[in-house]
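A short write-up of the structure that comes next.
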Amino acid sequence: MSVFFSPDKPDAGDIDLTRIYDAIVVGSGAAGGMAAHVLTSHGMKVLLLEAGKKLNINKELKSMEWPYDHPRRGAIPPGSHALSLNEYNIRPRPYAKGTSYNHVYSYVERGTGADYSKNIVVDEKDHPYTGTPYAWVRARCLGGKTNIWGRLALRLSDYDFKAKSRDGYGDDWPISYKDIEPYYDKVDLYLGISGHKEYLPYLPDSIFQRAVRLTKSEMMLRESLAKMGRVLTPYRAGVTTDGLKHNKYRSRCYGRGACQRRTGGCDIHAAFDSPTGLIYPALDTGNLTIRTNATAYEVTVDKETGKARGVAFIDTETGKNYEARAKAVVVAASTLESARLLLLSKSASHPNGMGNSSGHVGHNFCEHLMGPSVTGLVKDLVGKPRTIDDGRPGNFYVPRFRNLADRNPNFIRAYGFEGSSGNTMFPAGVYSAPGFGSAYKKRVRDYAGAYIEMGGFGEVLARYENYVDLDPGVKDKWGIPVLQFHYKFGDNEKKMAADMADAAKDMFEQAGIEVVSVDREMLTEGWSIHELGTARMGSDPKTSVLNQFQQSHDVKNLLVVDGCSHVNASCQNPTWTIMALAWRSCDHLADQMRKGEV
Ligand SMILES: Cc1cc2nc3c(=O)[nH]c(=O)nc-3n(C[C@H](O)[C@H](O)[C@H](O)COP(=O)(O)OP(=O)(O)OC[C@H]3O[C@@H](n4cnc5c(N)ncnc54)[C@H](O)[C@@H]3O)c2cc1C
Ligand code: SF4
């Protein structure tokens with residue numbers, strides 16, 4: 001049993017803890033929601049443990065509330081504070097230690113409309129972490145970060161899965177694109193994705209619903225990039241633009257653009273979120289039990305077999321400890337929290353933490369670097385009548401173009417750009433426009449629709465030396481040891497960032513877009529909110545934690561189905577891949593359990 005807690009008697013009240021479930025799923029975000037959906041669809045009885053609350057998300061998001069209907073035009077209340085870039089780089093960790101604010105949030109709560117997501121994200125005061133600077137954005141509530149995610153839904157290809165075979169660095173994944181392709185298709189069809197086919201081998205197309213419309217300036221850039229052999233494609237949004245007949249909890253996107261004006265979120269659930277997309281349909285099978293306010297702090301072990309016996313958790317409201325039991329445990333608490341849970345789960349048979357005989361849990365931690373960006377002006381659009389460009393759930397994406405057929409002399413791997421343009425409710429350039437009074441207003445109106453900008457997302461190499469472990473001294477509000485970061489960008493990332501800024505500028509110039517500004521600085525580690533790799537999959541149990549079905553090499557009835565398992569970060573946003581892999585692994589688990597192999 002735990003070195004930290006000993007569970008109280010099994011009387012959690014609202015759920016039956018005397019029962020042995022077929023599976024316990026820890027976490028209810030993209031990964032946990034998918035696990036619950038797939039396992040219950042196989043008829044398995046599943047208990048879902050979620051650390052956060054079940055919020056009335058529609059009441060939280062109020063997507064159509066106008067800024068003037070909010071007492072602070074959407075800003076978080078006085079006495080609350082969201083961390084800035086400088087604070088991340090300079091303040092000692094834990095970031096909220098010694099603060100006089102009532103609540104401290106991550107940087108995502110700095111934007112306009114952040115008040116609508118303040119109950120979705122964590123208060124840094126309750127959830128500290130230590131070590132090297134890191135902007136760690138977490139959501140604790142049913143659905144996790146999917147309630148506010150940015151929705152860019154991309155596939156990986158064999159340029160990613162077999163990257164080592166191409167450039168010699170790191171490791172190949174134990175799967176190829178053909179293994180995961182049917183599952184990407186299932187995710188597309190079940191959840192809905194909007195986009196436009198481009199037939200690129202390095203960014204495979206999905207089964208798309210209606211694409212978002214490109215603006216004039218985006219079309220201009222698309223045409224110019226085509227001459228350079230590059231592509232600009234409408235944002236591939238994890239949003240149903242044509243509707244989903246099989247899901248009564250979601251509506252099709254009717255282009256309110258509200259998800260763009262705030263930290264995120266869509267109260268009609270056109271944008272995918274795990275509760276309406278996966279968990280409520282799973283509940284309808286009658287096979288799912290959900291326990292919220294239940295923070296897992298240990299995967300417990302059967303002393304006889306060394307296999308997982310269940311999960312010990314603490315009720316975050318009462319502080320009471322419980323153990324739930326199951327034939328299989330599926331960890332899906334997000335890349336860093338799942339690593340923390342495995343490391344916390346020390347026992348005589350797993351002295352290094354559960355599934356960690358390789359010593360690789362917490363290591364090979366990778367993500368995407370952000371920062372370099374360009375802003376430009378399409379002069380021909382200045383002073384033109386306003387167009388309605390705001391009603392889009394996303395704008396545009398420029399896929400990778402480096403290290404495809406050629407080899408860049410300075411860095412390996414690649415980056416892509418996310419960008420936006422056009423008229424929006426809050427006009428672009430409003431802060432930098434010169435002038436005063438009516439002249440200023442005219443200037444803002446004339447220029448608003450003429451701006452275009454894009455920022456890079458680049459692959460951070462997976463390195464054993466970049467890792468998290470448990471801090472020996474610091475605990476969270478519930479007495480659970482916290483993570484300590486040992487994580488830094490390296491030389492490859494710095495060189496890639498320099499190239500991102502140069503390439504972005506060059507692409508605008510070649511398209512005849514006047515460059516207004518170029519940002520060359522890298523944002524603090526963690527900014528992309530795409531943490532990956534802390535329990536990677538592989539064929540060799542000495543150098544990897546999971547097999548190709550995200551099943552622990554050491555503990556057959558333990559799966560870790562979130563971004564932990566990624567062997568490298570690639571440069572594409574990870575959520576669609578997380579869900580496709582989770583679907584594949586849970587199908588495999590159900591099959592093994594049917595055959596009595598687990
Ligand atoms: C503002 C924002 C924009 C984003 N944009 C994009 C994008 O455009 N494209 C993209 O691909 N990705 C994007 N992401 C990232 C995306 O949200 C994540 O990749 C995805 O949610 C990961 O799913 P997950 O299930 O691993 O983690 P989460 O969604 O974070 O879910 C994990 C869940 O586990 C729970 N949990 C944690 N610890 C425990 C514990 N010990 N016990 C029980 N439960 C626990 C948490 O409360 C949470 O509900 C964005 C994220 C944010 C915040
Ligand atoms: S634009 Fe679409 S996805 Fe975004 S909030 Fe509106 S309906 Fe939802």
Side-chain angles (χ1 to χ4, degrees), residues 24-35 48-53 61 63-64 106-109 111 117 120-122 127 137-154 194 212 235-241 250-275 278 291-298 311 313-314 316 331-338 340-341 344 367-368 390-394 397 418 457 476 478 480 528-532 560-564 572-579 582:
I24 295 174
V25 175
V26 178
S28 67
M34 183 54 82
L48 178 66
L49 296 176
E50 165 54 50
K53 290 187 173 51
L61 295 173
S63 299
M64 291 309 285
S106 68
Y107 79 88
V108 298
E109 292 301 284
S117 45
I120 294 171
V121 297
V122 302
H127 298 269
V137 177
R138 289 155 289 170
R140 278 215 172 178
C141 63
L142 192 73
K145 297 194 288 282
T146 65
N147 289 296
I148 51 169
W149 74 306
R151 308 162 301 280
L152 184 59
L154 302 174
S194 111
V212 297
Y235 201 80
R236 295 185 171 181
V239 168
T240 172
T241 45
R250 301 182 60 195
S251 305
R252 76 175 188 163
C253 172
Y254 53 91
R256 310 170 303 167
C259 51
Q260 293 273 64
R261 290 178 215 128
R262 309 229 174 121
T263 304
C266 170
D267 65 3
I268 61 163
H269 314 286
F272 159 73
D273 56 65
S274 167
L278 297 165
R291 176 62 151 87
T292 49
N293 300 327
T295 300
Y297 58 81
E298 184 177 356
V311 176
F313 65 94
I314 185 166
T316 54
V331 175
S334 75
T335 297
L336 293 168
E337 289 289 5
S338 291
R340 180 183 177 200
L341 181 58
L344 283 166
E367 55 160 351
H368 297 147
D390 198 16
R392 300 187 290 169
Y397 184 69
E418 286 182 40
F457 282 71
D476 68 14
W478 298 271
I480 306 171
S528 66
I529 328 181
H530 293 163
E531 319 87 52
L532 298 162
V560 188
V561 299
D562 53 31
C564 267
Q572 288 94 291
N573 307 37
T575 308
W576 230 240
T577 303
I578 289 173
M579 291 195 285

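The figures that follow rest on heavy atoms only: side chains count, while hydrogens, waters and symmetry mates do not. We count ligands from 1, going down the list as the structure has it; atoms in each ligand are counted the same way.
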Based purely on interatomic distance, does [X] place a nitrogen or oxygen under 3.5 Å from a nitrogen or oxygen of ligand 1?
{"X": "V26", "result": "no"}
{"X": "C141", "result": "yes"}
{"X": "T263", "result": "no"}
{"X": "A51", "result": "yes"}

Does [X] have a heavy atom less than 4.0 Å from any atom of ligand 1?
{"X": "P574", "result": "yes"}
{"X": "T295", "result": "yes"}
{"X": "G33", "result": "no"}
{"X": "A294", "result": "yes"}
{"X": "G264", "result": "no"}

Face-on cation placement of R256 at Y254 ring, 6.0 Å and 45° thresholds
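Judged by the rule, R256 and Y254 form a cation-pi pair.
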List the closest protein heavy-atom neighbour of [atom]: residue, atom name, distance to the nearest 0.1 Å.
{"atom": "atom 2 (Fe) of ligand 2", "answer": "C253 SG, 2.4 Å"}
{"atom": "atom 4 (Fe) of ligand 2", "answer": "C259 SG, 2.2 Å"}
{"atom": "atom 19 (O) of ligand 1", "answer": "T575 OG1, 2.9 Å"}
{"atom": "atom 23 (O) of ligand 1", "answer": "A30 CB, 3.4 Å"}
{"atom": "atom 8 (O) of ligand 1", "answer": "L152 N, 2.9 Å"}
{"atom": "atom 1 (S) of ligand 2", "answer": "G257 N, 3.0 Å"}
{"atom": "atom 40 (C) of ligand 1", "answer": "A296 N, 3.7 Å"}
{"atom": "atom 3 (C) of ligand 1", "answer": "G150 N, 3.1 Å"}
{"atom": "atom 32 (C) of ligand 1", "answer": "A333 O, 3.5 Å"}
{"atom": "atom 27 (O) of ligand 1", "answer": "S334 CB, 3.3 Å"}
{"atom": "atom 7 (S) of ligand 2", "answer": "R256 NE, 3.4 Å"}
{"atom": "atom 34 (O) of ligand 1", "answer": "G27 CA, 3.3 Å"}

How far does NZ of K145 sit from CD of E531, to the nearest 0.5 angstrom?
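Rounded to the nearest 0.5 Å, the NZ-CD separation comes to 5.0 Å.
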Are [X] and [Y] side-chain neighbours, meaning at least one heavy-atom pair lies under 4.5 Å?
{"X": "I529", "Y": "V108", "value": "yes"}
{"X": "S106", "Y": "R138", "value": "no"}
{"X": "I120", "Y": "L61", "value": "yes"}
{"X": "E50", "Y": "T292", "value": "yes"}
{"X": "F313", "Y": "R291", "value": "yes"}
{"X": "E418", "Y": "F457", "value": "yes"}
{"X": "T577", "Y": "M579", "value": "no"}
{"X": "P275", "Y": "N147", "value": "yes"}

Quick check on atom 4 (Fe) of ligand 2: does C266 put an N/O/S atom closer than 2.8 Å to it?
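No, since none of the N, O or S atoms of C266 sits under 2.8 Å from atom 4 (Fe) of ligand 2.
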Can you sort out which atoms of ligand 1 are near [X], meaning under 4.0 Å from one of its heavy atoms?
{"X": "T146", "result": "21 (O), 29 (O)"}
{"X": "G144", "result": "29 (O), 31 (O), 48 (C), 49 (O)"}
{"X": "S28", "result": "33 (C), 34 (O), 49 (O)"}
{"X": "N573", "result": "7 (C), 8 (O), 9 (N), 10 (C), 11 (O)"}
{"X": "L49", "result": "43 (C), 44 (N)"}
{"X": "D562", "result": "26 (O)"}

Would you kindly specify which portion of D267 sits under 4.0 Å from ligand 2, judged on non-hydrogen atoms: side chain, backbone, both or neither?
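The answer is neither; D267 stays 4.0 Å or more away.
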Select one of side chain, backbone, both or neither to describe which atoms of R140 lie under 4.0 Å from any atom of ligand 1, heavy atoms only.
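Under 4.0 Å from ligand 1, R140 contributes backbone and side-chain atoms.
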Using a 4.0 Å heavy-atom cut-off, say whether R138 meets ligand 1 through its side chain, its backbone, both or neither.
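Neither; no heavy atom under 4.0 Å.
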Provide the closest heavy-atom pair for C141 versus S28 in the form atom of the first, atom of the second, distance.
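Nearest heavy atoms, C141 then S28: O-OG, 3.8 Å.
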Could you label the plane-to-plane angle of the H530 and H368 rings as parallel, tilted or perpendicular, counting under 30° as parallel and over 60° as perpendicular?
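Perpendicular, since the angle between the ring planes exceeds 60°.
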Name the option, out of E50, K53, K145, that contains the heavy atom nearest to atom 17 (O) of ligand 1.
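It is K145 whose heavy atom sits nearest to atom 17 (O) of ligand 1.
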Who's closest to atom 52 (C) of ligand 1 heavy-atom-wise, of I529, L341, V121?
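Looking at heavy atoms only, I529 sits closest to atom 52 (C) of ligand 1.
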Give a yes or no answer on whether the side chain of [X] reaches the backbone of [Y] with a donor-acceptor pair at less than 3.5 Å.
{"X": "W478", "Y": "T316", "result": "yes"}
{"X": "R250", "Y": "H269", "result": "yes"}
{"X": "R151", "Y": "W149", "result": "yes"}
{"X": "D562", "Y": "S334", "result": "yes"}

Given the rule in the side-chain contact (heavy atoms from CB on, under 4.5 Å) test, do S63 and I268 qualify, once you have shown the distances and angles that lead to the verdict?
CA-CA 8 Å; S63 299; I268 61 163; over 6 Å; no
Residue I268 vicinity, atoms of ligand 2 by number, heavy atom under 4.0 Å
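Going through ligand 2 atom by atom, the ones under 4.0 Å from I268 are 7 (S).
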With heavy atoms of Y254 as the reference, note each atom of ligand 2 found under 4.0 Å away.
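Under 4.0 Å from Y254, ligand 2 has these atoms: 7 (S).
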What do the steps show when you test E367 against T335 for side-chain contact (heavy atoms from CB on, under 4.5 Å), and what is the final call?
CA-CA 10 Å; E367 55 160 351; T335 297; over 6 Å; no
Applying side-chain contact (heavy atoms from CB on, under 4.5 Å) to R140 and E337, what does each step give before you reach the verdict?
CA-CA 11 Å; R140 278 215 172 178; E337 289 289 5; 3.1 Å; yes
Tell me, with the steps shown, if T146 and L278 meet side-chain contact (heavy atoms from CB on, under 4.5 Å).
CA-CA 11 Å; T146 65; L278 297 165; over 6 Å; no
